[in-house]
Enquirer: 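Here you go, one structure.
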Amino acid sequence: MHDDPRIDWLWGRGIRFVAFGRPWGHLDAPHPWVDVDGQAGVRAATAHFVATAGPRVGYIGWPTGSGTGDDRRAGWASVIAEHAPAGMSADGLLADLEIDALEGVAEGGRAARELVARTDVDAIVCASDSLALGAFLAVGDTVPVCGFDDTPVAVSLGFSSVEQQLGEVARAVLDLLALPDDATDAQAHRLVTPRLVVR
C-alpha cells in the first residue's frame with residue numbers, strides 16, 4: 001500500500017528484508033522489492049480477448065488509488081486505446097467499457113451485470129479472481145471472463161486467469177535477500193512477468 005509504515009520501521013532498524021510489492025509512490029526507494037508486473041499480465045489477457053473475441057473488452061477493476069489496481073488497469077487501457085475505432089475518442093471508449101467495483105464475488109457479479117446492460121462487450125477482464133468469479137457466475141455463459149491470480153476457483157470453474165508465478169517471486173525474494181549492502185537499485189528491484197492461462 002502507499003506509504004506502508006512497516007518499510008520505514010524495518011529499514012530504519014537495519015533489518016534485512018525484501019518487500020513483496022512495489023512501494024507505490026516511491027518506486028526509487030532504496031530497499032529491495034519484488035513485484036508481479038500486473039500491467040503486463042492484464043495487457044496479455046486483454047490482447048488475447050481482442051484477438052479471439054473482439055475489440056470491446058470490458059474491465060472490472062478496483063477504484064482508483066490502489067497502486068496494484070491502477071497498474072493492472074493500465075495494461076487493459078493500453079490495449080483498448082490501441083484498438084479504438086478511427087474517429088472515436090480513446091477516453092470515451094475506456095469510460096464506456098470500464099466499471100469500478102470493490103473486491104468480492106458479489107461486487108464482481110453486480111459490476112458485470114451493470115456493464116453488459118450498459119454496453120456491448122466481447123469479453124471481460126477483471127483485476128482479481130474474486131471479481132472474475134462474480135462476473136463468470138453472472139454472465140460467463142455469454143461473455144468470456146478472465147481474472148487475475150489463477151486461484152483454484154479459476155481452475156475448477158474453467159475461466160481464464162493470469163498466474164502470478166509465485167515460484168518465480170519466491171526465488172527472486174531469496175536472491176535479493178543475499179544481495180550485498182552496496183547493491184544498486186537496479187539489482188534490488190525485480191518485476192516478475194506473470195503468465196496468462198487460457199481456458
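Remember, it's a predicted structure, so these values are computed and weren't measured experimentally.
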Enquirer: Just so I know, are the side chains of I15 and W9 near enough to count as touching, which here means a heavy-atom distance under 4.5 Å?
Expert: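 Side-chain contact under 4.5 Å: yes.
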Enquirer: Could you see if L174 belongs to whatever hydrophobic cluster contains V34? Use Ile, Leu, Val, Met, Phe, Trp, Tyr and a side-chain cutoff under 4.5 Å.
Expert: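 Yes.
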Enquirer: Give, for atom CZ of F136 and atom CG of D129, the distance between the pair rounded to the nearest 0.5 Å.
Expert: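 One gets 11.5 Å once the value is rounded to the nearest 0.5 Å.
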Enquirer: Look at the side-chain heavy atoms of Ile, Leu, Val, Met, Phe, Trp and Tyr, link any pair under 4.5 Å apart, and say whether V116 and L93 land in one connected group.
Expert: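 Yes, same cluster.
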Enquirer: For residues R190 and V173, determine if any side-chain heavy atom of one lies less than 4.5 Å from a side-chain heavy atom of the other.
Expert: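 Sidechains of V173 and R190: no contact.
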Enquirer: Tell me, do W62 and D100 make a side-chain contact under 4.5 Å, heavy atoms counted?
Expert: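 A side-chain contact under 4.5 Å is absent here.
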Enquirer: Salt bridge or not between D35 and R22? Use side-chain N to carboxylate O under 4.0 Å.
Expert: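 Salt bridge: yes.
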Enquirer: Starting from L94, can I reach V121 by hopping between I/L/V/M/F/W/Y residues whose side chains sit under 4.5 Å apart?
Expert: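 Yes; L94 is reachable from V121 via cluster members.
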Enquirer: Just so I know, are the side chains of T151 and V155 near enough to count as touching, which here means a heavy-atom distance under 4.5 Å?
Expert: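 T151 does not reach V155 side chain to side chain.
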Enquirer: So, for A132 and F159, which heavy atoms are closest and what is the spacing to 0.1 Å?
Expert: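 Between these two residues, the closest heavy atoms are CB-CE1, 3.7 Å.
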Enquirer: Out of curiosity, L115 CG to I99 CD1, how far, rounded to the nearest 0.5 Å?
Expert: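 These two atoms lie 6.0 Å from each other.
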Enquirer: Indicate yes or no for a side-chain donor-acceptor contact from R72 to the backbone of A127 under 3.5 Å, with no hydrogens or angles considered.
Expert: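 At least one qualifying donor-acceptor pair exists.
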Enquirer: Are the side chain of D4 and the backbone N or O of R6 linked by a donor-acceptor pair below 3.5 Å?
Expert: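 Yes, because the side chain of D4 sits within donor-acceptor range (under 3.5 Å) of the backbone of R6.
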Enquirer: Does S160 reach the side chain of V145, with side-chain heavy atoms less than 4.5 Å apart?
Expert: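 S160 vs V145: side chains apart.
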Enquirer: Counting only N and O atoms by type, is there a donor-acceptor contact under 3.5 Å from the side chain of R118 to the main-chain atoms of E114?
Expert: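 Not at all, since once roles are kept as given, no pair shorter than 3.5 Å links the two residues.
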Enquirer: Would D37 and T193 count as a side-chain hydrogen bond (donor to acceptor under 3.5 Å, both in side chains) if you check the C-alpha gap in whole Å, the side-chain angles of each, and the deciding distance to 0.1 Å?
Expert: CA-CA 5 Å; D37 191 344; T193 302; 5.2 Å; no
Enquirer: Hey, what do you get for CG (D149) to OG (S161), rounding to the nearest 0.5 Å?
Expert: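 So the CG of D149 and the OG of S161 are separated by 6.0 Å.
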Enquirer: Below 4.5 Å, heavy atoms only, C-beta onward: do L97 and W76 meet side chain to side chain?
Expert: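 Side chain of L97 against side chain of W76, heavy atoms only: contact under 4.5 Å found.
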Enquirer: State plainly whether the residues R195 and D150 are in salt-bridge range, i.e. N to O under 4.0 Å.
Expert: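 Not counted as a salt bridge, because no side-chain N and carboxylate O are separated by less than 4.0 Å.
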Enquirer: Report yes if the side chains of E163 and P194 come closer than 4.5 Å at any heavy-atom pair, otherwise no.
Expert: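 Heavy-atom side-chain distance check fails, nothing below 4.5 Å.
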Enquirer: Taking V42 as the starting point, is it possible to reach L166 by hopping between hydrophobic residues whose side chains are less than 4.5 Å apart?
Expert: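 Cluster IDs for L166 and V42 match.
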Enquirer: Measuring from atom CZ of R43 to atom CG of L196, what distance do you get when rounded to the nearest 0.5 angstrom?
Expert: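 Between R43 CZ and L196 CG, I get 12.5 Å after rounding to 0.5 Å.
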Enquirer: Is the backbone of V57 close enough, under 3.5 Å, to the side chain of D122 for a donor and an acceptor to pair up by distance?
Expert: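 No, the answer is negative, given that no donor and acceptor are paired below the 3.5 Å cut-off.
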Enquirer: Let me confirm one number: the CD-CG distance from Q39 to D70, rounded to the nearest 0.5 Å.
Expert: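 Output value for this atom pair is 10.5 Å.
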Enquirer: Looking at every heavy atom in both W33 and G21, which two are closest together, and how far apart are they?
Expert: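 Heavy-atom minimum between the residues: CB-O, 3.7 Å.
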Enquirer: Can you list the steps and then say if W24 with D71 is a side-chain contact (heavy atoms from CB on, under 4.5 Å)?
Expert: CA-CA 10 Å; W24 297 107; D71 187 54; 3.7 Å; yes
Enquirer: To check you understand the geometry: which heavy-atom pair defines the closest contact between A101 and L131, and what is its length?
Expert: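 Distance-wise, the nearest heavy atoms are CB-CD2, 3.9 Å.
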Enquirer: Parallel, tilted or perpendicular: which describes the rings of F17 and H31, with under 30° parallel and over 60° perpendicular?
Expert: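 If you compare the ring of F17 with that of H31, the planes turn out parallel.
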Enquirer: For V139 and A112, which heavy atoms make the closest approach, and how far apart are they?
Expert: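 That closest heavy-atom pairing would be CG2-CB, 4.1 Å.
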Enquirer: Could you walk me through whether C126 and F148 pass the side-chain contact (heavy atoms from CB on, under 4.5 Å) check?
Expert: CA-CA 7 Å; C126 300; F148 199 110; over 6 Å; no
Enquirer: Quick one: pull up OG in S78 and NE2 in H83 and give me the separation to the nearest 0.5 Å.
Expert: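 Answer rounded to 0.5 Å: 10.0 Å.
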Enquirer: In terms of side-chain heavy atoms, does E103 have a donor or acceptor partner in S128 at a distance below 3.5 Å?
Expert: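 Yes, a side-chain donor-acceptor pair sits under 3.5 Å.
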Enquirer: Any side-chain heavy atom of V36 within less than 4.5 Å of one from Q165?
Expert: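 Side chain of V36 against side chain of Q165, heavy atoms only: no contact under 4.5 Å found.
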Enquirer: So if you build clusters from Ile, Leu, Val, Met, Phe, Trp, Tyr with side-chain heavy-atom gaps below 4.5 Å, do V198 and V50 land together?
Expert: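 V198 clusters together with V50.
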Enquirer: Answer yes or no: is there a donor N or O on one side and an acceptor on the other, between the side chain of R16 and the main chain of L177, under 3.5 Å?
Expert: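 Side chain of R16 to backbone of L177: a pair is present.
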Enquirer: Mind listing the closest non-hydrogen atom pair of Y59 and G69 along with its distance?
Expert: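 Looks like OH-O, 4.1 Å.
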Enquirer: Test side-chain contact (heavy atoms from CB on, under 4.5 Å) on Q164 and V192 and set out the steps.
Expert: CA-CA 8 Å; Q164 294 206 47; V192 173; over 6 Å; no
